[in-house]
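Naming convention: chains lettered A, B, ... in sequence-line order (proteins, then strands); numbering from 1 in each chain. Being a predicted model, the structure only gives us computed values, none of them experimental.
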Amino acid sequence: MLDKAYNPQPTESRIYKMWEENRAFEPKDNPAEKPFCIILPPPNANGYLHLGHAMYVIEDILVRWHRMQGHPTLWMPGTDHAGIETQVVYERKLEEEGRSRFDLGPDKFYDEVMRFTRANQKNMINQMRSMGFSADWSKIKFTLDEDIIDIVYDTFIALDRDGMVYRGNRVCNWCPRCQTSFADIEIKYQEESAFMYTLDYGSVRIGTTRPETIFADTAVAVNPDDKRYKTLVGKKAIVPLIQKIIPIIADNHVDPKIGTGALKVTPAHDFHDYEIGMRHKLPNPSVIDKEGRMINVPDELSGLVTSEARTKTVDLLDKAGVLITKEPLQHSVAHCERCGTVIEPIPTDQWYVKVDKLKQRSKEALEKGDIRIIPERFTKQCIDWLDQMYDWNVSRQIWWGIRMPVYYPLESKSGKKEYLIAKTEKEAKDYYGEKNYRVETDTFDTWFSSSQWPHATLATNGMLDQFYPTSVMETGRDILFKWVARMIMLGLYTMNDVPFRTVYLHGLVRDEKGQKMSKSKGNVINPLEMTSVFGTDALRMALTIGVTSGNDGSLSTEKVEGYRNFINKLWNASRFVLMQCEEHKVVPANVAEDDFELLSLADKALFHELLDVRVFVTQGLEQYRLSEVGERLYDFIWDYFCDWYLELSKGESNPELLVFAVREILVLLHPYCPFVTEELWSHVKQKEFGMLIQQPWPAFVDSGCANEHTELEVVIAVIKAIRKIRAEQGVAPDKKVQVIVVPGKHASVLKPQQDHIMRLSRSDVLEFTKKPSGDVASLFLPDGIEVHVSMEGLVDLEGLKKEQTQLKSYVDSLGKKLSNEQFTSRAPAAVIEQERQKLAEAEGKLKKIEERLSTS
RNA sequence: GGACAGCUAGCUCAGUUGGUUAGAGCGCCUCGCUUACACCGAGGAGGUCACAGGUUCGAAUCCUGUGCUGUCCACCA
């Protein structure tokens, strides 16, 4: 016999081991069925599993469901080296140890991070397994696997061959701490207080927030239509302190309303100024080096970091009498997303991928609906983002990543190409000569490799033909642009087809107050703590129910606890069923699928409800309504199966049907709660059945018991009414009561259920009559049903009076509605008929209540 | 500046295409160890669906506007 309470820990590890030993997660060939494939968003192998990863439970639900439907199903797992993020994490670790990556050098650093990553990887995989994830771990890939790198190289080489790769010296986002460039999307802006300085440039006054960059000014620009400055265009201005003479030019970019309307142009340290510089063929001398320190400036400033240089320059300007005003201002400043350092725009050599064609095709795919994004609204966002995307800087000057397959000649005048993009070093040797080349040290942007993940993982497993395009990409809303959009671009480019048909986006998991979880707030919920206390199934339910696609959800210990209670309820219901079997000498393993007979009203009603749930769950999952489906299962199991059917069955046990019902419940709930269902399955399954994870998903059939289902509801209503009267009248629980039921239209339904009604309402005597007699407390139900409980002494009529008031206003509003000609002439006949019936019902009930009230 | 989302019971949230007197969980109140389950059972209280207009016979649901909260993008001399 089962334990009195479900104990998840020992069960979960045992069950998971069984699945793995039986290779239950590997796709089964079935040419007749459509394949289903999800690529797991590879977690960054630099930390621990958090709730963001735990949300992949959505994928597990879909995967398990499709597997049960007989589709060849693959959930492809992997981990990401996560370039800069991991590098920064590891550098912090080094810092704590009093070391730095520069003590190690690139090679040693790489090796150490590789060891660190491998260890984390193992960890993460085990943590995902403890979540019950049924990914095919035998196929797991890492973004730094050699065969994956090969594919990344192939793509880069192909892009180059197609003329879509170029190297350029342009202003880029540079992080002085990370010592690398970043793409625009990896920059975070923060509001900061600063000053707007107005400076005297001789003939003109300019406004700036960055006075330290004046030494790199190569022009002053004004708007061509700005009347104030019209005569100045073509004349000269003087950069203060260094007395450098620069031209005054006209450019449309300048907004006359900002500052003084005259803009100092610093092509080396500002993106827009760089563009202006290009248009006007201005030089772009740099005064900030890659460390973020001043160079090529007056001696007293040289070597200072920009913030210090700013203060000092302002001092100097002030002393020189050229600082005209200094006004506070709020503006947003670019920071490194990873380490928070202020980003310096400086000119550097970088590799770019031209995105025009890539984004065009991606947009078309989205517009045509080749890819469906759930929720829908993100489709437009994605298209808009693609629209404004600039060429993609794919090179990073970090050590942890995939080295770019590029080679340069040692001597630039060799007459050979300035660079060679080649898959192997041998090609470089052959081309430039044995010792006449050097190897590129830049690595690829992490997103460049991870954007090839769907086809790269499938190709390296030899499953491209079977599973590309994949079915669903389920991931966090926050990486729609960074990752999803780019997967679409590169997927279409390399495979000539979209990487996935459907994108399902989930939001952030917030705390019980709807606040973002963060270490500093101390409100972080660790998924593994939750699973060890409440069980994995409970956490899975908590993460799925009450959370909708694209929106943030909130999680609390109480919520998980609630679902733990639910799991335990299911456990005990099953335990009860097994006890019934024992009592009636029924061996669950011997019960065949059609071994049960529908004997009673309750049996038929249950059978109908079971099929109804089956349809709801199947259709709901088809429509990705995971929350509603989970809720329906919860309600059905607790409020219907346990509260009503099991209670009724205590009066007329039908153990074979109970076994059937529990099996059906376990099958339907399995995608959500794989562990407890699999465990219970082993107790109720038929001999020849295999594991639950491999059970076929049930098909739809007509129950033919819809009437009985409705009839049982009438019985339930009567039981509830008696209970309510007892509670309202303060009848002691152990006190016997005499009940009189006027069955109205439902005599034939209610009379045979007399025993059930009496038992579940704890009534002693139950009579069916046309009219009550004596002192009674009453409730009036639809279809003329009246429930009366004999009372000795005073009857509390407050409840009835309250109901009378409510009914009166209800009858009023219905009456108004029905006497409104607009309504009766325009509303559909069915609706009018419905309202009429409601009114008749309510009026009948009201009349009875009033009669009852008048007799006391 | 542009776009998007949210505003529904004390709290956290559901509510598919407009049509019963708007739902759940938790919390709260009253009872209760009745042949699985106190991780439980029975009953109950609690909402002008942010606000203002509009469309409609009918609006939480559609439209317009306002407010607050949040997210993303762009700008920031």
### Task
Using the C1' atom on both, measure G46(B) against U30(B) and round to a whole Å.
15 Å
### Query
Ignoring hydrogens and angles, does a donor from either the side chain of R564(A) or the base of C39(B) sit under 3.5 Å from an acceptor on the other?
yes
### Task
Output yes when E841(A) and K838(A) qualify as a salt bridge under the 4.0 Å nitrogen-oxygen rule, no when they do not.
no
### Task
Going 5' to 3' through nucleotides 70-77 of chain B, assign each nucleotide B (protein heavy atom under 4.0 Å from a base atom), S (under 4.0 Å only from sugar-phosphate atoms) or - (no protein heavy atom that close).
--S-SBBB
### Task
Just name whichever nucleotide pairs with U66(B), Watson-Crick or G-U, keeping both distances under 3.5 Å, else none.
A50(B)
### Task
Could you please name the option among A36(B), C57(B), G43(B) that lies closest to any side-chain atom of N820(A)?
C57(B)
### Query
Tell me: CZ of F534(A) to C1' of C39(B), nearest whole Å?
10 Å
### Task
Would you indicate what R726(A) reaches in the nucleic acid, counting non-hydrogen atoms under 4.0 angstrom: base, sugar-phosphate, or nothing?
nothing
### Task
With heavy atoms under 4.0 Å as the rule, sort K559(A) into base, sugar-phosphate or nothing.
nothing
### Query
F576(A) has an atom CZ; how far is it from atom P of C39(B), in whole Å?
20 Å
### Query
Should we say atom CD of E821(A) is surrounded by more than 12 heavy atoms from elsewhere, each under 6.0 Å from it?
no
### No-H, no-angle donor-acceptor pair, K569(A) side chain to C37(B) base, under 3.5 Å
yes
### Task
Determine which nucleotide pairs with A3(B), using a 3.5 Å limit on both distances of a Watson-Crick or G-U wobble pair.
U71(B)
### Query
Ion pair present between K559(A) and E512(A), side-chain N to carboxylate O less than 4.0 angstrom?
no
### Message
Please give the distance between the P atoms of G70(B) and G32(B) as a whole number of Å.
### Response
48 Å
### Query
Just to confirm, is there a sub-4.0 Å distance from OP1 or OP2 of C40(B) to any side-chain nitrogen or oxygen of N565(A)?
yes
### Distance under 6.0 Å and angle within 45° of ring axis: K817(A) vs F823(A)
yes
### Side-chain ion pair, K359(A) and D387(A), N-O less than 4.0 Å
no
#### Entry: Salt-bridge present (K482(A), E186(A); N to O < 4.0 Å)
no
### Query
Using purine N1 to pyrimidine N3 plus N6-O4 or O6-N4 for Watson-Crick, or N1-O2 and O6-N3 for G-U wobble, each under 3.5 Å, what pairs with U55(B)?
none
### Query
When you compare A14(B) with C7(B), how far apart are their C1' atoms, in angstrom units rounded to a whole number?
15 Å
### Task
Would you mind telling me which residue lines up with the more 5' stretch of RNA chain B, L814(A) or V547(A), judged by nearest nucleotide?
V547(A)
### Query
Counting side-chain heavy atoms from C-beta on, which of C37(B), A36(B), G15(B) comes nearest to K4(A)?
C37(B)
### Message
Tell me if the side-chain of E628(A) makes a donor-acceptor pair with the base of A24(B), cut-off 3.5 Å, by modelled atom types.
### Response
no
### Message
For a quick check of understanding: with a heavy-atom distance under 4.0 Å over all strands, which category does S574(A) fall into, base, sugar-phosphate or nothing?
### Response
nothing
### Query
Are R210(A) and E212(A) ion-paired here, with the side-chain N under 4.0 Å from a carboxylate O?
yes
#### Entry: Donor on one side chain, acceptor on other, E679(A) and T11(A), under 3.5 Å
no
### Message
Nearest to the side chain of K380(A), heavy atoms from C-beta on, is which of A36(B), G15(B), A3(B)?
### Response
A3(B)
### Query
Which nucleotide, in any strand shown, forms a Watson-Crick or G-U wobble pair with C39(B), with both distances under 3.5 Å?
none
### Query
When rounded to the nearest Å, what value does the distance between C1' atoms of C4(B) and U21(B) take?
35 Å
### Nearest-Å distance once atom C1' is located in both G18(B) and U34(B)
46 Å
#### Entry: Atom pair distance, as rounded to whole Å: CD in E512(A) and P in G10(B)
18 Å
### Task
Scan every strand shown for a Watson-Crick or G-U wobble partner of A14(B), both distances under 3.5 Å, and answer none if you come up empty.
none
### Message
Looking at U21(B), I'd like to know if its phosphate oxygens (OP1 or OP2) sit under 4.0 Å from a side-chain N or O belonging to S809(A).
### Response
no
### Query
On the ring face of F616(A), is R632(A) found with NZ or CZ under 6.0 Å from the centre and within 45° of the axis?
yes
### Query
When all nucleic acid strands are considered with a 4.0 Å heavy-atom cut-off, which category describes K257(A): base, sugar-phosphate, or nothing?
nothing
All N/O pairs under 3.5 Å across the protein-nucleotides 17-20 of chain B interface:
{"from": "U20(B)", "atom 1": "O3'", "to": "K838(A)", "atom 2": "NZ", "distance (Å)": "3.0"}

### Query
Over how many whole Å does the gap from E558(A) atom CD to G25(B) atom C1' extend?
11 Å
#### Entry: Separation of the C1' atoms in C31(B) and A50(B), to the nearest angstrom
38 Å
### Message
Does a side-chain N or O of K724(A) approach OP1 or OP2 of G44(B) to a distance below 4.0 Å, or not?
### Response
yes
### Query
Mind checking who A60(B) pairs with, Watson-Crick or G-U wobble, both distances under 3.5 Å?
none
### Message
Can you check the distance between C37(B) and G44(B), where both ends of the measurement are the P atom (answer in whole Å)?
### Response
25 Å
### Query
Given the P atoms of U64(B) and C72(B), what is the spacing between them in whole Å?
25 Å
### Task
Take the protein atom CD of Q515(A) and the nucleotide atom C1' of U12(B), then report the distance between them rounded to whole Å.
13 Å
#### Entry: Nucleotide C4(B), atom P - distance to CD of E376(A) in whole Å
14 Å
### Query
Do Q580(A) and S653(A) get their side chains close enough for a donor-acceptor pair, meaning under 3.5 Å?
yes
#### Entry: Spacing of D478(A) atom CG relative to C4(B) atom C1', expressed in whole Å
16 Å
### Query
Step by step, would you call S532(A) with Q9(A) a side chain to side chain donor-acceptor pair (under 3.5 Å)?
CA-CA 7 Å; S532(A) 71; Q9(A) 286 91 336; 5.2 Å; no
### Whole angstrom value for the distance that separates P of C4(B) from CG of D387(A)
15 Å
### Query
Between C37(B), C40(B), A42(B), which one does the side chain of R723(A) approach most closely?
A42(B)
### Message
Between K521(A) and D511(A), does any side-chain N to carboxylate O distance fall below 4.0 Å?
### Response
no
### Query
Is the shortest side-chain N to carboxylate O distance from R625(A) to E631(A) below 4.0 Å?
no
